Protein chains: 2
Amino acid sequence: MHEKKNAPLRSDAQRNRERILEVALVELTRAADTPLSAIAKKAGVGQGTLYRNFPSREALVLEVYRYEVEQVAATAAQLLADRAPDQALREWMDRLARYSMTKAGLAAAMGKATAYGSFAACGHGPLTAAITLLLRANDEAGTIRPGLTPDDFLLAIAGLWHIDPHSDWQARVDQLLDIVMDGLRAGAPGR
Amino acid sequence: MHEKKNAPLRSDAQRNRERILEVALVELTRAADTPLSAIAKKAGVGQGTLYRNFPSREALVLEVYRYEVEQVAATAAQLLADRAPDQALREWMDRLARYSMTKAGLAAAMGKATAYGSFAACGHGPLTAAITLLLRANDEAGTIRPGLTPDDFLLAIAGLWHIDPHSDWQARVDQLLDIVMDGLRAGAPGR
DNA sequence: GAACCTAACGGACACCTGTCCGCTTGAGCA
DNA sequence: TGCTCAAGCGGACAGGTGTCCGTTAGGTTC
């Protein structure tokens, strides 16, 4: 069983993939529920090609916004440098929420992606890494209950994916994250 | 604009509705993703009839398990009579989780139903009523933070709908509900 | 630059959801 | 019992997702 070592894509495949992402960004921003078939057509590729690159709608959305998501993930380290671990965690959750609500379809995709099985398994490293970082820092500072895994964390904030991004989400997000943050804090050993 | 006051269904319509529910219970229990068209066929009705009675898959699932859900809702009062408000709330959440995990497709349907807009608006009174009851009792006892609405509560436990009912859900549910419960408790004024 | 091999293509297809609309039939009334 | 008529029926259909498979064309080797 020979592994295909991190697949050096063929040149045309590479081009197709990028053209799909370009088109998808435009179309999904315009309407989050644009048919995938329409995106394939506009990108000038067959359905098969689109689905080979992105097995599901969620995979495509996540990839489209990957840069944004990676940015958010990257701020974790930054925030930890600037403030107390628990403050950093809370601020980070706020930013994650803000991005999810702002980018059309991202919240829904996150919800699907985190459903039924670990998010980590989906190969979306950056987010998991960021969460791990934040949790460890807080764990060491004794500001959260011990033994929390990234999966626990993602379940705790799952409510985010159920908030309508077209409504007054700010207040509901604040309330939810207050509850979650306090929940994570409870049982903390203290420093 | 004359309201049709709580629609006295025509006899054949009534029979069809019941036959659909019977078949749906069997089929959905066997496989949660049975095509609705298959259920319609087995029930001996057209697609149109099925969809007129149940506008969406979730509506059907929720109706199929309505009795069970109402049972859970009804235990809220019982639990409040037996124990301290916060104990009752926690125990109730456990039972809700257990039912959701146990009945195939129920968790997914709950997730969809609570997504994007208040659950209460969907006309599913019993659950909302039960939650309101529990929250009020806790509010009065000073065991939870003040000002919590049923919507806040549903967002907080949304993680439940993301746990795979086919996996070792018990441990994950416990962990999640511990976090949520502590989150709700935080900021409680005390008695 | 020709031949080969396989990654990648792309569109037809299978399947599902939800809607629409012409037809059927239960039920009240004379 | 026969008439009437709208509530209700049911299946065809539109629209979308995801799969399959015969065909095409990059890349490599000689």
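Proteins get letters first, then strands, A, B, ... in listed order; numbering begins at 1 in each. If you're wondering where the values come from, they're calculated on a predicted model, not measured in any experiment.
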Between A:Thr34 and A:Thr49, which is nearer to the 5' end of DNA chain D once each is assigned its nearest nucleotide?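 Between the two, 5'-proximity favours A:Thr34.
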
Atom [atom1] of [X] to atom [atom2] of [N]: distance rounded to whole Å?
X	N	atom1	atom2	value
A:Leu50	C:dG11	CG	P	13 Å
A:Lys41	D:dG16	NZ	C1'	13 Å
A:Leu36	D:dG16	CG	P	10 Å
B:Ile20	D:dC9	CD1	C1'	11 Å
B:Glu18	D:dG8	CD	C1'	16 Å
B:Asp12	C:dC23	CG	C1'	14 Å
B:Asp33	C:dT17	CG	C1'	14 Å
A:Leu60	D:dG18	CG	P	11 Å

Would you check if the side chain of A:Thr102 reaches a backbone N or O of A:Arg98 as a donor-acceptor pair within less than 3.5 Å?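 A pair under 3.5 Å: yes.
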
If we ignore hydrogens and angles and just use 3.5 Å, is the side chain of B:Asn138 paired with the main-chain N or O of B:Leu134 as donor and acceptor?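 Yes, the answer is positive, given that a donor and an acceptor are paired below the 3.5 Å cut-off.
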
Give B:Ser11 one of three labels, base, sugar-phosphate or nothing, depending on what nucleic acid heavy atoms sit under 4.0 Å from its own.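 Touches sugar-phosphate only.
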
Below the 4.0 Å mark, does C:dC9 have OP1 or OP2 next to a side-chain nitrogen or oxygen of A:Asn16?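 Indeed, a polar side-chain atom of A:Asn16 lies that close.
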
Would you tell me if any nitrogen or oxygen in the side chain of B:Tyr51 comes within less than 4.0 Å of OP1 or OP2 on C:dT19?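 Answer is no, no contact under 4.0 Å.
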
Contact between A:Gln87 and A:Asp82 at the side-chain level, heavy atoms closer than 4.5 Å - yes or no?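 Answer no - side chains too far apart.
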
Quick check for you: among C:dG10, D:dG11, D:dT17, whose closest atom lies nearest to any side-chain atom of A:Gln47?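 Between C:dG10, D:dG11, D:dT17, the one nearest the side chain of A:Gln47 would be D:dT17.
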
I want to verify a distance call: between C:dT19, C:dA8, D:dT17, whose nearest atom is closest to the A:Leu9 side chain?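 Among the listed nucleotides, the one closest to the side chain of A:Leu9 is C:dA8.
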
Applying the side chain to side chain contact (heavy atoms under 4.5 Å, CB included) test to A:Ile20, which of A:Val45, A:Leu25, A:Leu36 qualifies?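 Only one of A:Val45, A:Leu25, A:Leu36 forms a side chain to side chain contact (heavy atoms under 4.5 Å, CB included) with A:Ile20, namely A:Val45.
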
What about B:Arg10: does its side chain form a donor-acceptor pair under 3.5 Å with the base of D:dA7?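 In this structure, the two groups form a donor-acceptor pair.
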
Any N/O donor-acceptor pair, A:Arg52 side-chain to C:dA8 base, under 3.5 Å: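 In this structure, the two groups form no donor-acceptor pair.
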
Are B:Arg172 and A:Asp152 close enough, and set up right, to give a salt bridge (Lys or Arg N to Asp or Glu O under 4.0 Å), and what steps lead you there? CA-CA 7 Å; B:Arg172 308 189 74 198; A:Asp152 295 331; 5.5 Å; no

Nearest-nucleotide wise, let me know which of B:Arg15 and B:Pro55 is further upstream toward the 5' end of DNA chain C.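 It is B:Pro55 whose nearest nucleotide is closer to the 5' end.
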
Of A:Val45 and B:Glu58, whose closest DNA chain C nucleotide lies nearer the 5' terminus?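 Its nearest nucleotide lies further toward 5', so the answer is A:Val45.
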
